[in-house]
Amino acid sequence: RKRRELSVADFVEGIVKGDVTVLSQAVTLVESVKPDHQVVAQEVIEKCLPYSGNSVRIGISGVPGAGKSTSIDVFGVYVLEKYGGKLAVLAIDPSSERSKGSILGDKTRMEQLSVHPKSFVRPSPSAGSLGGVARKTRETIVLCEAAGFDKIFVETVGVGQSETAVHSMVDFFLLIQLAGTGDELQGIKRGIMEMADGIVINKADGDNLERAKLAATQFRNALHLFPAPESGWKPQVLTYSGFYNLGVKEVWDMVYKYIDFVKENGYFEYRRNEQSKYWMYETINEQLRDSFYHNPQIQKMLEEKEGQVLQGNLTSFVAAKNLLDTYFDGLKS
Ligand code: GDP
């Protein structure tokens, strides 16, 4: 038997009441590519907006194997115990479409949180471009906040562009690193380090402890060479062990110290406003691009124009102009 479809009002009511089943269904609509789902989703998001914003949003990044899921499980339980409230764990993994099935935010990787009554774990949306995936996660944050989740973790893999997307939707960006073979600083891009409000070296346990401490010193030295961040906060470097639950308190003392600091100096509000602006333009860009590439006339022409450019029969500029003219003329008629 087909379940009765929920109306926009049903969704909003359920979400605001904190009904996790309704929240899940709403997130599914947000992630859906069907136009009629998108219409409902956008209305629900708009109606939830006044109830959102009251949270601390933390981005958590690290290469595969850095210990993200182990750490998030332990971090999540820790902050819920210490600070109360409710925690949503979301993810941005633009590769998940190709790898079939997200490896981030996977419930089976977070044993405690997946069954915790105060947590909501949701894997990465899988459809579309990084921009699309990131926008959906950002919209899901709004829904979760409206449902009373006052702590939001957004997980991503530390390989590049997805960090920028996560950084643009969180209040604190936590970078999980590992002690390597002495050349740890080579492996990570300067740009990612520069985004971090805190760098934490995981697996500081057993034989690895000394190496982790050494790595921390190297990171601290490297950070000295970076320009001072806009927030006025000096990014900190700590060591911890997610697996053995060591140093977790210090990590979260740092995060909340930062939150207090930027709420005090006004940067918290400023950064959120800047992020809203950023997402306005991101959404415009993404939807224009989508509309262009999904246009049937453009799809027919695209290959031909590409061929002409490759053969040297047409300059790239003229080819692009032909395509754009066709697109905009089509909008007028
Ligand atoms: P992810 O890919 O970043 O999510 O990493 P996982 O959380 O799956 O961890 C990768 C591996 O590192 C697993 O085998 C974990 O058991 C191990 N691991 C995670 N945290 C620690 C830690 O603090 N210390 C040690 N020794 N191992 C850890």
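For ligands, and for the atoms within them, numbers begin at 1 and follow the listed sequence. If you're wondering where the values come from, they're calculated on a predicted model, not measured in any experiment. No hydrogens, no waters, no symmetry mates; every other heavy atom, side chains included, goes into these values.
- A salt bridge is defined here as a Lys NZ or Arg NE, NH1 or NH2 lying under 4.0 Å from an Asp or Glu carboxylate O, and R271 with D197 meets this definition.
- For a threshold of 3.5 Å applied to N or O pairs, the pair formed by Y240 and ligand 1 contains no separation below that value.
- Using a 4.0 angstrom heavy-atom cutoff, A66 counts as in contact with ligand 1.
- Between D150 and R57 no salt bridge is recorded (no basic side-chain N to carboxylate O distance below 4.0 Å).
- Close approach to T70 involves these atoms of ligand 1, each under 4.0 Å from a residue heavy atom: 6 (P), 7 (O), 9 (O), 15 (C), 19 (C), 20 (N).
- Between S71 and ligand 1, a contact under 3.5 Å exists for no N or O pair.
- Residue-ligand proximity: I72 is placed with every non-hydrogen atom at 4.0 Å or more from ligand 1.
- Near S241, meaning under 4.0 Å from any of its heavy atoms, are these atoms of ligand 1: 22 (C), 23 (O), 24 (N).
- Checked for salt-bridge contact, K277 and E282 miss the test: no charged N lies under 4.0 Å from a carboxylate O.
- Taking every heavy atom of K68 and a limit of under 4.0 angstrom, the matching atoms of ligand 1 come to 1 (P), 2 (O), 3 (O), 4 (O), 5 (O), 7 (O).
- Taking the six-membered ring for Trp, F261 and Y267 have ring centres at least 6.0 Å apart.
- Close contacts between ligand 1 and G242 involve ligand atoms 23 (O) [criterion: under 4.0 Å to a heavy atom].
- Applying the 4.0 Å criterion to heavy atoms of P64 picks out, from ligand 1, the atoms 2 (O).
- Using the six-membered ring where Trp is involved, H167 and F173 have ring planes that are perpendicular, over 60° apart on the 30 and 60° scheme.
- For the pair K321 and D325, the salt-bridge criterion is met [side-chain N within less than 4.0 Å of a carboxylate O].
- Contacts classified as ring-ring contact (aromatic ring centres under 6.0 Å, His included) and involving residues 8-56 (residues at least two apart or in different chains) are not found.
- Residue pairs that meet the side chain to side chain donor-acceptor pair (under 3.5 Å) test with at least one member in residues 289-302, sequence neighbours left out, are S291-Y327.
- The D205 neighbourhood of ligand 1 comprises atoms 22 (C), 23 (O), 24 (N), 25 (C), 26 (N), with distances under 4.0 Å to a heavy atom of that residue.
- Within ligand 1, counting atoms from 1 as listed, the ones closer than 4.0 Å to a heavy atom of V63 are 3 (O).
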